[in-house]
Asker: 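To start, I am sharing the structure in question, which I have written as C-alpha cells.
Proteins come first, then strands; the chains are lettered A, B, ... in the order of their sequence lines, and each starts at number 1.
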Number of protein chains: 2
Amino acid sequence: MSDLLTIIGTCPLLAGLSEEAKASLLPLCRSRAYSAGEIIYPPGSMQSNLCIIAEGRVRICSSNAKGREAMLAILDVGAWFGDTVFSPGMPRVFGATAHEDCRVVEVSGEGLRDLLKCFPEAYPVVLDQVSRRLWSAMSVIQDDVLRGTEARIGRRLLFLAHMHNRSDDSSGVSFALTRELLANMMGMTRQGVHRVLKNIEAQGLIEFEYGRVTITDPAQLEKYVDGLE
Amino acid sequence: MSDLLTIIGTCPLLAGLSEEAKASLLPLCRSRAYSAGEIIYPPGSMQSNLCIIAEGRVRICSSNAKGREAMLAILDVGAWFGDTVFSPGMPRVFGATAHEDCRVVEVSGEGLRDLLKCFPEAYPVVLDQVSRRLWSAMSVIQDDVLRGTEARIGRRLLFLAHMHNRSDDSSGVSFALTRELLANMMGMTRQGVHRVLKNIEAQGLIEFEYGRVTITDPAQLEKYVDGLE
DNA sequence: AGCAAAGTGTAAACGAATTGACAGTCATAG
DNA sequence: CTATGACTGTCAATTCGTTTACACTTTGCT
C-alpha cells in the first residue's frame, strides 16, 4: 500500500503543487476502501470533495428510474473525479461507484480551494485539467447529437484503444471490454451494440470474442468512422 | 457603443480581476463586428482566444456532413465563449456564428493566461466559471442519454424560461423561440419537436404561437417532467 | 397592398434502435 | 469437474423519431 504523498503525486490535477504544498494538503486527506459495487457517492449528492484513486477502478455513472444506466467513464489509478470541487453548491451530476475493490483518497473541497489561494502557482495546472474535461464533455455532446450509433461506437473504441496502448503501433490493439459495458457507456442496449459491432466486423476492421475487442487496423477504422459522419 | 473596459466589466469570467489587472488586459483585446450569419470561428479551428460579446447574440454550434446542426447555446451580451482558452492546443469542438449583427471582443488566450499569473487573485472566479460550464455540459450528457425527448424538451424550456425571467414569478413565462431553433438545440427535427410540444400542451402546461412559447405553470411543468424520467 | 422569406401544421411511409424472450457460451470457485 | 453466474447471440414485435411531401400562416420589406 502506497503512502498518501505518493498517491497525490500521481494525480495530474495536483501536479502543479510544490512539495511544501503537497505536505500541507495531507491533513485534508482521508483514505477509504470500497468493495466492488459499493457506492462512493450517488448522483445528486451535495459535496465538493476531490477524489483520487489509490487502488482499483471507479465507475462514473448515473441511472434513471427505468433502470437504464449511463456511464461517463471508468477511471484508473491516479485519476481524479468529483468535478464539483470547484463549483461547490452544485449537486453531483453523475455518481461514483467502485468498479472493483478499490481505495480512494478524498480531499476536502473547501480545504483544497483555500490551499490553492496560498499556492497560486498550482492554478494553471488545475485550470488546464478542468478545461480538458470540459473539452472532452463537449466532444461527447457533439458526437451524441451529430453522429449515428456506428460512428459513435467506432470513435469510442478508438478512444479506449488509445488509453490501453500508449505506443501507437499501427498494428492491432486488443483490450478487455464486455458488450454490456460498452452498451452502458454509449447509452444503448447490449443488443444494439451487438448489431453495430457485427457490422463493423463485416468491414474487417475489428474482431471480438468473449470479453474482448480487437481493433485490427486502427488507422483504417478511423478513416471508416470519419466517412460515416 | 460602450468602451472596452465596460464590456470587460460585464463578463463574469473576468469579474475577479482588479481594476489594475483589467487595465493591463486592454492591450490584448481587439474588437470586431460581425453581421448576422457570419462565422466567428468554425468548429475544429485551432485558436485559444477568449471571446466576449459586446453587442448582439452569438450561436455556439456545429454541423455534420448531412447538414444536421447541433446547437449548444445562444449567448447574450456579456457572455464569454471560446472554451479552449485554458486548454490551448485543442481544436474548438463547436464553432461560433453571429446569430444577429453583433460585436465581439477577442482577448489573446496566451496573453490572458500570462496575465492571470501576475494577478492570481482572479483564479478562483475563472475556475468557478469553467467548472460551472463543465457541470452544465455533464448535465446535458446525462439528459441526452437518460431521458426521452419529452423530458429533454421540457427541461430545456424550463432552462430557457429561467434565463429570460430572473424574477421567479410562479405565473407564466413567455419567450421568443421558434420550433426550428428549439429543434436544432435538441438535435431533433422541427416535426419531432412539434409533436412533443403538442403533447405537453395537451397537459395544459404550455401554449405556443408563431415564434413564441409560453409556460403557463413552470412549477407544474417541472413536476411533470420529473415524473417522466 | 403585395410579395418574398421565414416559420408552421399535418400525415403517411420508413428506419433505426429498444423491448422481451430464450437458448447458448465462457470462467471461475468449490 | 461440475455448477453457478456473468456474458453472449439471435429474432420477432414494437416504439419512437425521422423522412418526405405539401399546403398554410406570419412577418417584414418595398
Asker: If the cut-off is 4.0 Å, is A:Arg179 near the phosphate of D:dG9, judged by side-chain N/O to OP1 or OP2?
Answerer: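 The answer is yes; a side-chain N or O of A:Arg179 sits under 4.0 Å from OP1 or OP2.
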Asker: Under 3.5 Å, is there a donor-acceptor pair between the A:Ser87 and B:Arg132 side chains?
Answerer: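 Side chains of A:Ser87 and B:Arg132: no pair found under 3.5 Å.
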Asker: Could you pick out which residue, A:Val196 or A:Tyr210, lies toward the 5' side of DNA chain C when each is mapped onto its nearest nucleotide?
Answerer: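 The 5'-side residue here is A:Val196.
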Asker: With under 30° as parallel and over 60° as perpendicular, where do the rings of A:Phe208 and A:His194 fit, or are they tilted in between?
Answerer: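 Perpendicular, since the angle between the ring planes exceeds 60°.
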Asker: I need the CZ-C1' distance between A:Arg195 and D:dG9, as an integer number of Å.
Answerer: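 After rounding, the gap between these two atoms is 13 Å.
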Asker: What nucleotide among C:dA6, D:dT18, C:dT18 has an atom nearest to a side-chain atom of B:Arg68?
Answerer: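 The nucleotide sitting nearest to the side chain is D:dT18.
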Asker: Determine: side-chain N/O of B:Thr149 to OP1/OP2 of D:dG17, distance under 4.0 Å, yes or no.
Answerer: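 It does, given that an N or O in the side chain of B:Thr149 lies less than 4.0 Å from OP1 or OP2 of D:dG17.
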Asker: Do any of residues 185-194 of chain B sit with a heavy atom less than 4.0 Å from DNA chain C, and if so which?
Answerer: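 Hits under 4.0 Å, by residue number: B:Arg190, B:Gln191, B:His194.
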Asker: Could you pull out every donor-acceptor pair under 3.5 Å between side chains of residues 183-192 of chain B and any protein atom, sequence neighbours left out?
Answerer:
unit_1, atom_1, unit_2, atom_2, d
B:Thr189, OG1, B:Gly192, N, 3.1

Asker: With nearest nucleotide decided by heavy atoms, which residue, A:Lys66 or B:Glu209, maps closer to the 5′ end of DNA chain C?
Answerer: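 It is B:Glu209, whose closest nucleotide lies nearer the 5' terminus.
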Asker: When rounded to the nearest 0.5 angstrom, what is the spacing between OG in B:Ser48 and CG in B:Leu112?
Answerer: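 Separation between the atoms: 9.0 Å.
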Asker: Which angle, to the nearest 10 degrees, lies between the helix axes at the two ends of the helix from C:dA1-D:dT30 to C:dG30-D:dC1, each defined by five pairs?
Answerer: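 Roughly 40°, once rounded to the nearest ten degrees.
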Asker: Which heavy atom of A:Ile7 sits nearest to which heavy atom of A:Ile53, and what is that distance?
Answerer: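 Looking at all heavy atoms of both residues, the closest pair is CG2-O, 4.3 Å.
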